[in-house]
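To find a chain, count down the sequence lines: A is the first, B the second, and so on, and within it residues start at 1. Every heavy atom of this structure was used, including side-chain atoms; hydrogens, water molecules and symmetry mates were not. Since the structure is predicted, the reported quantities are computational estimates derived from the model, not experimental observations.
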Amino acid sequence: MTDITVTANGGGRTAGAAPSARRSWAWLGLLPFFAFLFLFLVVPAISVFYDATRNKDGSFSLAAMKQAFRGQNLDAFKFSVSFSAGAAAVGVVFGTLLAYAAASATRPRWLRSLVTSFSGVAANMGGLPLAFAFLSLLGKQGVLTKILKAAGWDLYSGNFGLGEIPGLITVYSYFNIPLMVLITLPAIDGLKQSWREACSNLGGTTWTYWRRVGLPVLTPSLLGGFLLLFANSFSAYATAAVLTQNSKIVPLRIGFFLGGDVNVGEDAVGYALAAWMIIIMVISMSLYWVARKRAERWQS
Amino acid sequence: MSAYKPRFGRVVPTIVLVISGLFFLAPLLTLARFALQNVPTILLGWSTLFDKWSISGLTKAFDDPAFWPALKLSLELAGGTVLLTLGLLLPTAIWVHMRIPKARALIEFLTVLPYMIPAIALVAGIVVVKPHARWFLDSDYALIPFYVVLALPFTYRSIDAGLRAIDLTTLVDASRSLGAGWIETLGRVIVPNLRAAIVSASFLTAAVVMGEYTIANTLLKETLPRFQRTFTGREPQAGYGLNLLALLVTVLLFAILSLVTKKRERSLISRLSRKPT
């Protein structure tokens with residue numbers, strides 16, 4: 001608790017040109033907030049790393065951190081990373097297309113606000129109800145499954161399952177695409193009509209415009225969106241808990257270790273998985289932050 | 001001008017919009033069908049399409065003895081989380097805006113930290129700490145501060161945006177020079193001007209808490225989402241009904257929310273008093 005306020009104090013002093021006693025006292029007003037974050041976010045996060053790097057006897061050891069990348073744990077990481085990357089890619093492509101469609105459709109005037117309002121809702125619509133909604137659509141007894149079967153396409157004759165990679169990507173698209181719409185819509189609005197006109201005056205085609213102007217300007221937003229959607233898919237728990245079995249994705253595997261059904265001493269592996277997850281999230285969110293700052297350059 | 005928009009540029013957006021509409025509507029419609037129509041999918045066809053629809057699937061969960069305690073706990077958690085969020089963030093955000101604007105970037109960074117420590121990692125930390133703080137963590141209400149943390153990125157941004165839209169210093173100076181104390185200034189000047197931001201922060205928080213499954217499930221707290229899961233396993237149709245209801249309530253919350261925020265944007269006062277940035 002004190003650590004944080006001290007560094008915050010120091011930060012204020014070095015940053016300020018003329019440190020006044022008044023200013024340093026002002027930082028004290030943030031003490032409750034810092035203390036709260038410290039207790040309920042920093043302490044749990046540090047505890048995860050602490051317990052992930054301990055032996056059974058309490059001495060420092062990286063055994064669990066390494067164990068988290070072996071056998072079934074490694075499979076879980078591979079599975080999680082591949083379906084999250086896939087879900088992020090699908091979300092980026094279709095989210096951008098939908099945002100572009102909403103931005104360029106002028107005819108019904110309510111259309112754009114409908115798309116943005118709905119995106120605001122659907123981007124937050126993960127969790128249990130979404131999983132059950134997709135089970136009713138594409139589960140073994142799902143309505144679409146039956147319609148497709150009647151049309152001669154038996155989804156479940158192959159490896160399809162809502163808990164497999166294509167299935168999870170489909171379900172996660174339900175909140176990833178709207179999230180991408182919310183991210184790219186400001187960037188697409190930032191594409192100025194005059195750039196298009198300038199490009200055309202200089203003899204460029206639509207293709208030249210997108211190749212030389214549109215896409216380069218959108219790239220930071222698209223990259224940032226990919227990272228955010230990846231992090232979003234990688235960490236989602238509730239939806240996957242309904243759809244998959246045998247805890248084959250990382251968040252469910254952490255839950256499996258935390259559930260206490262494992263041997264004593266093995267629980268460090270659960271914490272190690274959580275520690276790795278935090279590391280992956282920190283990396284992707286930091287890169288997202290950088291991409292967002294670059295993207296904002298063109299949005300005025 | 002249309003000269004810059006080739007015909008291709010009209011057809012593609014329409015197709016994209018129609019397909020998206022189908023994708024986003026279909027799961028909701030089939031969820032409603034499972035909840036409201038008592039016909040197994042095997043028997044579903046043109047002849048049975050309109051058979052056995054009834055609203056009873058929606059309300060059947062209410063008869064389950066475990067439903068009401070779970071709903072009560074979730075509502076209490078939502079209320080507690082909203083109060084703690086506002087109690088913690090309002091003074092902090094106001095303080096930052098008035099006294100140490102330099103801290104704004106730091107606070108903004110801290111409030112997005114929960115994105116980097118997702119619910120499942122946070123609950124792993126809680127499990128580690130639990131043996132040292134049983135007196136606190138054994139209580140169901142111990143979830144409240146962690147739910148405040150989970151909702152923090154949304155709630156702080158909403159309150160911060162509200163504060164940016166008003167000229168806080170002028171309002172406070174005016175109120176103070178008219179003889180109001182700090183409490184009075186907060187209650188009768190600042191809070192009424194932030195009403196939209198407070199409402200939206202509260203709704204977002206409530207939506208997060210009412211749907212939170214990860215932490216509650218790992219710590220075995222019998223909240224509504226946990227009940228939703230087990231109940232749907234026991235009674236599929238009524239369970240789907242309950243999930244449909246949960247979804248509808250969330251959509252309703254967000255619909256009200258977007259009305260409230262739009263009204264704020266339309267309000268002349270807030271537009272006039274918006275600071276040039």
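For F254(B) and F203(B), the ring centers sit 6.0 Å or farther from each other. Ring pair F40(A)/F36(A): centre-to-centre distance below 6.0 Å.
Between chain B and the options A274(A), A133(A), P178(A), the largest number of non-hydrogen pairs under 4.5 Å is found for A133(A). By number of non-hydrogen pairs under 4.5 angstrom with chain B, the leading residue of C199(A), S136(A), P44(A) is S136(A). With chain B as partner, the option from W289(A), Y271(A), Y288(A) having the largest number of non-hydrogen pairs under 4.5 angstrom is Y271(A). Taking chain B as the reference chain and counting heavy-atom pairs below 4.5 Å, the highest number among L138(A), L128(A), I278(A) is found for L128(A).
To the nearest 0.5 Å, the span separating OG1 on T223(B) from OH on Y147(B) amounts to 5.5 Å.
The parts of T170(A) that come within reach of chain B are both its backbone and its side chain, each placing non-hydrogen atoms under 4.5 angstrom from that chain. For Y174(A), the parts lying near chain B are the backbone and the side chain together; criterion is any non-hydrogen pair under 4.5 Å. Proximity to chain B is absent for every atom of I147(A), based on heavy atoms less than 4.5 angstrom apart. Heavy atoms closer than 4.5 Å to chain B are found in both the backbone and the side chain of A241(A). L98(A) touches chain B through backbone and side chain together, each having a heavy atom under 4.5 Å away. For F154(B), the part lying near chain A is the side chain, with the backbone staying farther off; criterion is any non-hydrogen pair under 4.5 Å. Contact annotation for S173(A): both backbone and side-chain heavy atoms come within less than 4.5 Å of a heavy atom of chain B. Looking at V115(A), the atoms closer than 4.5 Å to chain B (heavy atoms on both sides) all sit in the side chain, from C-beta outward.
Other residues, nucleotides and ligands place no more than 12 heavy atoms under 6.0 Å from the CZ atom of F94(A). Around atom OH of Y50(A), no more than 12 heavy atoms belonging to other residues, nucleotides or ligands sit under 6.0 Å away.
Using non-hydrogen atoms only and a strict 4.5 Å limit, the part of residues 86-94 of chain B facing chain A consists of L88(B), L89(B), T92(B). Residues of residues 231-239 of chain A lying under 4.5 angstrom from chain B, judged on non-hydrogen atoms, are S235(A), Y237(A), A238(A) in numerical order. The contact list for residues 236-247 of chain B toward chain A, using heavy atoms and a distance under 4.5 Å, reads Y240(B), N243(B), A246(B), L247(B) by residue number.
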Which side-chain N or O atoms in residues 111-132 of chain B pair as donor and acceptor under 3.5 Å with protein atoms at least two apart or in another chain?
residue: T111(B); atom: OG1; partner: I107(B); partner atom: O; Å: 3.3
residue: T111(B); atom: OG1; partner: E108(B); partner atom: O; Å: 2.7

